[in-house]
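Since the structure comes first, as structure tokens, the remarks are kept for the end.
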Amino acid sequence: MNELSAFWSYLSEGPLLWLALTLLAYAAGDAAYRRSGKKPWVNTVLVAVVILAAILWVTRTPYGTYFEGAQFVHFLLGPATVSLALPLFDNLGRLRRAAVPVIAALMAGSATAAGSAVAIAAAFGVGPAELASLAPKSATAPVAIGISESIGGAPTLTAVLVILTGITGAVAATPLLNALRIRDWRARGLSVGVASHGLGTARAFQVNPTAGAFAGLGMALNAVATAFIAPLVLALFR
């Protein structure tokens, strides 16, 4: 047993171990998603997070140690976000025709996402630093972390909240929108992108390409809107 512990300690010091485990966990999540018949609640990222969290808990590995390897995947978040410009370009004509309702929905969705979260948390007596961390939760991670830092939040907590928001949106959006009988793929995609950023956008692309394009638009525009709205919302509860 001591030899096994020593061997694990040796492996865990290298960043490539955590990179490999991250990729394997994602592959396992994707396999589970496909085997389920692509059910939204068997979300690839959710499964991967559960697997990695269990490994970190069992091995008592600090998050900082894990991130030394996982940062290589994290780096690709920026290029992946930028690549969403391609489907947006393919749907440019539709975007132009829907410019007014898109802007109206964006402002309503962004204000609701930040305002409702902060209001509920404030009602439960959550502290100012936590409120600041919560306000930008619906923006994509790089932007949300930057906003959190600028308004006095904790970037690490914001990152966790962003991931939880994205997973929740990716899992719940399709059943909820079906229950509400919303059939317009533009409306479905935009709402998911505004509410649950990249993870929701990835789910929207799995459902319909038009929904994915509008989700990408919603995610990008919400990142900009949240930078202005989150500080204003936070000021109301301080």
Exercise. Provide the full list of salt bridge (Lys or Arg N to Asp or Glu O under 4.0 Å) pairs with a residue in residues 123-152, sequence neighbours left out, each pair given once.
Key: none
Quiz prompt | 4.5 Å side-chain heavy-atom contact, Leu134 and Val126 | solution = no
Once side chain to side chain contact (heavy atoms under 4.5 Å, CB included) is applied, do any residues pair with [X], and if so which ones, sequence neighbours excluded?
{"X": "Ala141", "answer": "Leu77, Val162"}
{"X": "Leu23", "answer": "Leu19, Val73"}
{"X": "Arg183", "answer": "Asn178, Arg181"}
{"X": "Ile182", "answer": "Leu177, Leu180, Ala187, Arg188"}

What closest approach, in Å, do [X] and [Y] show between heavy atoms, and which atom pair accounts for it?
{"X": "Ile145", "Y": "Ala159", "result": "CD1-CB, 4.1 Å"}
{"X": "Thr201", "Y": "Gly193", "result": "OG1-CA, 4.0 Å"}
{"X": "Ser196", "Y": "Thr165", "result": "CB-O, 3.7 Å"}
{"X": "Thr210", "Y": "Asn208", "result": "N-OD1, 2.8 Å"}
{"X": "Ser133", "Y": "Ala129", "result": "OG-O, 2.8 Å"}

Same cluster (ILVMFWY, side-chain, under 4.5 Å), [X] and [Y]:
{"X": "Leu56", "Y": "Val58", "result": "no"}
{"X": "Met107", "Y": "Ile147", "result": "yes"}
{"X": "Trp18", "Y": "Ile163", "result": "yes"}
{"X": "Phe205", "Y": "Tyr33", "result": "no"}
{"X": "Leu106", "Y": "Val100", "result": "no"}

Practice problem: Name all residues meeting the salt bridge (Lys or Arg N to Asp or Glu O under 4.0 Å) criterion together with Arg203; count only those two or more places apart in sequence or in a different chain, and write none if there are none. | Solution: none
Quiz item: In Å, rounded to the nearest 0.5 Å, how long is the span from OG1 of Thr61 to CG of Leu21?
Solution: 9.5 Å
Quiz prompt | Thr168 OG1 to Leu176 CG distance, which is reported to the nearest 0.5 Å | solution = 12.0 Å
Practice problem: Could you tell me which residues satisfy side chain to side chain donor-acceptor pair (under 3.5 Å) with Ser148, sequence neighbours excluded, listed by chain and number? | Solution: Thr158
Exercise. Identify, with sequence neighbours excluded, every residue that meets side chain to side chain donor-acceptor pair (under 3.5 Å) alongside Asp184.
Key: Arg186
Which donor-acceptor pairs under 3.5 Å do the side chains of residues 213-224 make with protein atoms, sequence neighbours left out?
residue : atom : partner : partner atom : Å
Asn222  : OD1  : Ser110  : OG           : 3.0
Asn222  : OD1  : Thr226  : OG1          : 3.3
Asn222  : ND2  : Ser138  : O            : 3.1
Asn222  : ND2  : Val194  : O            : 3.1

Give every donor-acceptor pair under 3.5 Å between a side-chain atom in residues 112-124 and any protein atom, sequence neighbours left out.
residue : atom : partner : partner atom : Å
Thr112  : OG1  : Ala108  : O            : 2.7
Ser116  : OG   : Thr112  : O            : 2.5

Quiz prompt | Whether Thr140 side chain and Val143 backbone form a donor-acceptor pair below 3.5 Å | solution = no
Practice problem: May I have the step-by-step check of side chain to side chain contact (heavy atoms under 4.5 Å, CB included) for Ile55 and Tyr66, ending in yes or no? | Solution: CA-CA 10 Å; Ile55 293 173; Tyr66 162 76; over 6 Å; no
Donor-acceptor list for residues 42-53 side chains, cut-off 3.5 Å, not counting sequence neighbours:
residue : atom : partner : partner atom : Å
Asn43   : OD1  : Val45   : N            : 3.0
Asn43   : OD1  : Leu46   : N            : 3.1

Quiz item: In the hydrophobic clustering that connects Ile, Leu, Val, Met, Phe, Trp and Tyr at side-chain heavy-atom distances below 4.5 Å, which members other than Val207 occupy its cluster, ordered by chain and number?
Solution: Trp185
